[in-house]
Q: 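One structure, pasted below without further comment.
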Amino acid sequence: MKKELNELKEFFSKYKTALLILLISSFIIYGFKLFNYSISIDTERIILDSKALIDSWYSIGRYSLGFLKFILGLSPFNYYVANLIMIIIFPISVFIMCYLISCLNKKGNLSNLKIILFSLLVLTSPIFCEQFNFTLQCAEVAISFLILDVGLFFLIFSINNNKKWPLLISIISFIECLGCYQSFAELIAFGVFLILFYVHNEKNKEICKCAYINIFIVLAGCIVGYLAVSKVVCFILEIGHSEYLTSQILWLNKPILSVIRSILASIKRVILGEGLFYTLGFLVACGISIWYSIKNFKNNKFSSIYNFFILLCPFLLLLLLGTMQAYRAQFAYPFVMAYFIVFVFNYDYKICFKYIMLFVAVLISFRQFRITESLFMSDYLNYEYEKVLVNQIINSIEYDKLEDKTLIFIGSKNSNIGLKGETIGYTFFEWDNSYIIGSNGRIQSLFGILNYNYKLPTVDEYNTALEKASDMNVYPLEGSIIYYDDIIVIKLS
């Protein structure tokens, strides 16, 4: 163990330039959040009622978010500290992932440049822009990336030294990751397939046997442990299990052919880089993977097979659920793309290909950076728009005190400002508009954050207001606000 820790220390020392560049890059990429305050979707919930939100995490098996929130002292919520922790911890976790890859790939030619390229392809991804814009959990998710590294470190150590005690640390680490965000399952699979890929490259039967046994123990342990802890937490806290996650399994709810078509359409979007969150870099990664497998299949079939499995990691939950996860949950995508472009491609092959691939990596990183910053800017401008709109509405209402009144908003209102992502770019006045009382729950929370409190409408009150709104004008026109029975109805659209 001492030897491995010294090697890790030497890695930090040898590649300190790369680490410094990554920390500076992280501040450039995510620093916008530090100095431009905005309340994104769901963050309002932890500010107004943190206990209810944390209990909802426990009910869907994300108990690590609640545990870490308590350990870090981020309840009550601190916007600045949460973002600062994320900005520092996330690049360090990606840097350590490079170390783990170098531990496996003993013949690899690691350099500051490779570490920087790999990390920038991950750090700039709009997927993590969406994920970390959920500021209420950004610190906990970033720390869980670091804990994932710890789990993989001890798993690799156990295989190289044929020891079993480190497996307990790996199991606990992976349980924490799954208890933070179930999407870490794809990154755990990424780490496992990486280990098997490089183990088979070594062509050592004893190490291969040890790897399979240890990996089986760890995966079985973390799955059983995750489910057990989830049940124990809910039992102790007397919280019921939510159907939030199981309801996403389309195989149980849709015709099989429909699910298969949906899966194929999702895979096509990813490979062809369609939309804001994907790039053609994954198509390049596919090409590198196929090239490697064809080149090495005769010499090492298992290595070629696991090379293909690594490529499949971003699709594992898609295949399991029958539907693509939210973009912000697709953790494996940037890592897999970066891995093939930086670590699998042979930069010693031909000098022209080397510079072409370097150019591709830089181009992808810059494109992702541009989109990420545009999304952060859009989020900030939308929040500013929301604050102005709230004050306009307050000034338009005849009553000075709203605490005893019920406000009902009919319809929705968007800002048409900036780039729209998955949740970024949408206002509280349009989010959840399909719910049984429209966007009123979100809007009430926004007003509450700005210190304007009023009663939330019941379903019956909302339906009555819907009928009355048919003859109303749209805000801010005259006749867009009506009053009756301590109820104020405002028609937004």
Side-chain angles (χ1 to χ4, degrees), residues 18 22 25-26 29 86 89-105 108 110 114-132 141-153 155-156 173-174 177-178 180-198 270-271 273 277-286 288-289 292 306-318 324-345 360-361 364-365 368-369 372:
L22 295 184
S25 298
S26 184
I29 297 164
M86 177 270 292
I89 295 296
F90 187 46
I92 293 175
S93 72
V94 179
F95 179 78
I96 294 175
M97 181 64 78
C98 292
Y99 165 73
L100 296 174
I101 294 173
S102 72
C103 288
L104 294 167
N105 186 15
L110 194 63
K114 282 190 174 183
I115 294 172
I116 292 167
L117 286 177
F118 175 87
S119 301
L120 287 180
L121 285 167
V122 173
L123 293 175
T124 57
S125 175
I127 286 172
F128 290 120
C129 168
E130 275 282 356
Q131 173 56 235
F132 292 132
V141 172
I143 289 172
S144 293
F145 275 101
L146 198 58
I147 293 172
L148 173 73
D149 291 336
V150 172
L152 291 173
F153 174 84
L155 180 55
I156 294 168
S173 298
F174 294 160
C177 290
L178 294 176
C180 173
Y181 222 83
Q182 290 86 351
S183 298
F184 272 103
E186 288 185 343
L187 270 183
I188 293 171
F190 171 67
V192 165
F193 290 143
L194 271 180
I195 291 170
L196 292 173
F197 170 76
Y198 285 111
V270 173
I271 293 176
F277 297 94
Y278 305 129
T279 75
L280 286 172
F282 198 83
L283 182 61
V284 175
C286 291
I288 295 171
S289 176
Y292 179 91
Y306 284 116
N307 167 71
F308 178 69
F309 284 169
I310 293 170
L311 190 67
L312 285 181
C313 286
F315 307 109
L316 292 182
L317 289 179
L318 167 64
M324 205 63 167
Q325 303 171 84
Y327 291 116
R328 62 184 178 274
Q330 296 176 33
F331 294 163
Y333 173 85
F335 281 92
V336 170
M337 178 183 68
Y339 168 72
F340 278 102
I341 290 176
V342 176
F343 289 111
V344 177
F345 181 77
V360 168
I364 292 170
S365 297
Q368 291 186 153
F369 171 73
T372 289

Q: Holding to side chain to side chain contact (heavy atoms under 4.5 Å, CB included), I want the full list of residues that pass it with Ile364, two or more places apart in sequence or in another chain.
A: Leu121, Thr279, Met337, Ile341, Val360, Gln368
Q: Restricting to non-hydrogen atoms, name the atom on Leu146 and the atom on Ile92 that form the minimum distance, rounded to 0.1 Å.
A: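 Where Leu146 meets Ile92 most closely, the heavy atoms are CD1-CG2, 4.2 Å.
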Q: Strictly under 6.0 Å, is that where the ring centroids of Phe197 and Tyr292 end up?
A: yes
Q: Kindly compute the distance separating CZ (Phe340) from CD1 (Ile310), expressed to the nearest 0.5 Å.
A: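 Reported to 0.5 Å precision, the distance equals 5.0 Å.
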Q: So which heavy atom on Leu311 is nearest to which on Val336, and how close?
A: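 Reported closest heavy-atom pair: CA-CG1, 4.1 Å.
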Q: Search all heavy atoms of Leu22 against all heavy atoms of Ile115 and return the closest pair with its distance.
A: CD1-CG2, 4.2 Å
Q: Is any side-chain heavy atom of Leu120 closer than 4.5 Å to a side-chain heavy atom of Ser25?
A: yes
Q: Ser183: which residues meet the side chain to side chain contact (heavy atoms under 4.5 Å, CB included) condition with it, sequence neighbours left out?
A: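 Listed in chain order: Tyr181, Leu317, Gln325, Ala329, Phe331.
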Q: Got Leu152 and Phe174 here, is their nearest side-chain heavy-atom distance under 4.5 Å?
A: yes
Q: Would you say the ring centers of Phe145 and Phe128 fall short of 6.0 Å from each other?
A: yes
Q: Just to verify, what does Ser144 make a side chain to side chain contact (heavy atoms under 4.5 Å, CB included) with, not counting sequence neighbours?
A: Leu68, Glu176, Cys180, Phe184
Q: As an exercise, state the distance from CG of Leu194 to CG of Asn307, rounded to the nearest 0.5 Å.
A: 10.0 Å
Q: Looking at CD1 of Ile29 and OG1 of Thr124, how far apart are the two atoms once the value is rounded to the nearest 0.5 Å?
A: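 Interatomic distance, Ile29 CD1 to Thr124 OG1, rounded to 0.5 Å: 5.5 Å.
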Q: Quick one: does Tyr327's side chain get under 4.5 Å of Tyr278's, heavy atoms only?
A: yes
Q: Quick check for you: to the nearest 0.5 Å, what is the distance between Ser125 atom OG and Phe132 atom CZ?
A: 10.0 Å
Q: Please enumerate all residues that pass ring-ring contact (aromatic ring centres under 6.0 Å, His included) together with Phe309, with sequence neighbours excluded.
A: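 With neighbours one apart ignored, the set is Phe193, Tyr306.
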Q: Show, in sequence, the C-alpha distance, side-chain angles and deciding distance for Tyr339 and Phe118, and conclude whether the ring pair (Phe, Tyr, Trp, His ring centres under 6.0 Å) test is met.
A: CA-CA 7 Å; Tyr339 168 72; Phe118 175 87; 7.6 Å; no
Q: Do Leu148 and Ser173 touch side chain to side chain, with heavy atoms closer than 4.5 Å?
A: no
Q: With rounding to the nearest 0.5 Å, note down the distance linking CG in Leu316 to CZ in Phe190.
A: 12.0 Å
Q: Extract all donor-acceptor atom pairs below 3.5 Å that involve side chains of residues 93-103 and protein atoms in other chains or at least two apart in sequence.
A:
from   : atom 1 : to    : atom 2 : distance (Å)
Ser93  : OG     : Phe90 : O      : 2.6
Ser102 : OG     : Tyr99 : O      : 2.5

Q: Who are the side chain to side chain contact (heavy atoms under 4.5 Å, CB included) partners of Ala185, not counting sequence neighbours?
A: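 Side chain to side chain contact (heavy atoms under 4.5 Å, CB included) check on Ala185 returns Leu178.
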Q: To the nearest 0.5 Å, what is the distance between CD (Gln131) and CD (Gln330)?
A: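 It is 11.5 Å, given to the nearest 0.5 Å.
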Q: Please check this pair: side chain of Ser289 against backbone of Ala285, looking for a donor-acceptor N/O pair closer than 3.5 Å.
A: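 No.
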Q: For the pair Glu130 (side chain) and Arg328 (backbone), establish whether a donor and an acceptor sit closer than 3.5 Å, ignoring hydrogens and angles.
A: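 No.
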Q: Please walk me through it: do Val270 and Tyr333 pass side chain to side chain contact (heavy atoms under 4.5 Å, CB included)?
A: CA-CA 9 Å; Val270 173; Tyr333 173 85; 3.6 Å; yes
